[in-house]
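Data first, discussion second: the structure below is written as structure tokens.
Position 1 is the first residue of the sequence; numbering continues from there.
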Amino acid sequence: LSLHDALPISYILLEQQGNLVLVDKHAAHERILYEKLKKEIAYGNRQVLLTPITLELSRDEAAALLEQAEQVAALGFLVEDFGGGSVLVREVPLEMGERDIALLLGDIAAKLLLGRQDITPDALDRLYYNIACKAAVRARDKNSLPELAALVDKLAEHPQITHSPYGRPEQVSLTHQDIEKMFGRQG
């Protein structure tokens with residue numbers, strides 16, 4: 001196995017302080033992105049897309065998204081009217097890239113259409129969860145060993161991160177005694 005081979009794995013196995021630690025790479029990456037998004041979006045950190053994305057919505061969804069363009073910008077998206085239910089997306093949250101932008105903004109537009117009201121802090125938080133979830137590596141995505149090591153390093157920088165934004169644990173730890181019990185070696 002080469003250092004740069006991509007591996008389609010869901011969990012990272014580590015040994016820490018004599019314990020076997022299993023890290024759910026999606027949950028861990030999701031939480032790291034969530035924390036970073038909250039901090040960066042507060043400072044207006046967005047990336048300009050070289051090629052804007054045209055988002056096809058219903059006229060009502062597009063109108064709801066455009067009416068709340070200032071709040072959508074607070075989520076890290078710069079959108080503008082492109083006519084007839086189409087919206088042009090020019091900027092996205094720094095960590096997001098282009099993956100799942102249409103799906104997420106369509107979801108935001110549908111929620112705005114239902115309420116046609118300001119996005120509350122709780123709703124903003126849920127949208128940050130959604131952005132982080134969509135941008136995070138997937139459980140069976142192929143990642144190289146350096147990519148996985150970088151994720152583990154990020155976790156080490158943030159020891160307070162123990163759960164995904166949805167409350168799932170991002171890692172579990174098994175002691176030597178736990179493993180012994182699993183193999184019937186301890187009575």
### Task
Please confirm whether the backbone N or O of Ala73 pairs with a side-chain atom of Arg46, one donor and one acceptor, at under 3.5 Å?
yes
### Query
What's in the same ILVMFWY side-chain cluster as Tyr11, cut-off under 4.5 Å, chained through other members?
none
### Task
Have a look at Leu55 and tell me which of Val79, Leu105, Leu88 forms a side chain to side chain contact (heavy atoms under 4.5 Å, CB included) with it.
Leu105
### Message
Ile9 and side chain to side chain contact (heavy atoms under 4.5 Å, CB included): which single residue from Asn143, Leu148, Asp141 fits?
### Response
Leu148
### Query
Is there a side-chain contact (heavy atoms from CB on, under 4.5 Å) between Arg90 and Val48 once you walk through the steps?
CA-CA 6 Å; Arg90 294 200 176 272; Val48 176; 5.7 Å; no
#### Entry: His176 atom NE2, neighbour heavy-atom count above 12 within 6.0 Å
no
### Student check: side-chain heavy atoms of Thr162 and Gln171 closer than 4.5 Å
no
## Note on the structure
Gln16 and Val21 have their tightest heavy-atom pair at OE1-CG2, 3.6 Å
### Summary
Shortest non-hydrogen pair, Glu56 vs Ser86, comes out as OE1-OG, 2.7 Å
### Query
salt bridge (Lys or Arg N to Asp or Glu O under 4.0 Å) with Glu35: which residues, sequence neighbours excluded?
Arg31
### Query
Hey, is OH on Tyr129 packed in by over 12 heavy atoms from elsewhere, all under 6.0 Å?
yes
### Summary
Taking every heavy atom of Ala27 against every heavy atom of Pro169, the minimum-distance pair comes out as CB-O, 4.1 Å
### Task
Answer yes or no: is there a side-chain heavy-atom contact under 4.5 Å between Ile53 and Val92?
no
### Hphob cluster co-occupancy, Leu78 + Phe82, side-chain heavy atoms under 4.5 angstrom
no
### Query
Crowded around Glu70 CD? As in, over 12 foreign heavy atoms under 6.0 Å?
no
### Task
Inspect the surroundings of CD in Glu157 and state if more than 12 heavy atoms from other residues, nucleotides or ligands are less than 6.0 Å away.
yes
### Message
Other members of the hydrophobic cluster containing Val172, with the 4.5 Å side-chain heavy-atom rule, please.
### Response
Leu13, Leu20, Leu22, Leu174, Ile179, Met182, Phe183
### Query
Can you find a pair of side-chain heavy atoms, one from Cys133 and one from Tyr166, that are under 4.5 Å apart?
yes
### Backbone of Thr175 reached by a side-chain donor or acceptor of Asp178 within 3.5 Å
yes
### Message
Could you check whether any side-chain heavy atom of Leu104 comes within less than 4.5 Å of a side-chain heavy atom of Phe77, counting everything from C-beta outward?
### Response
yes
### Message
Within the 4.5 Å heavy-atom criterion, are Ser10 and His26 side-chain neighbours or not?
### Response
no
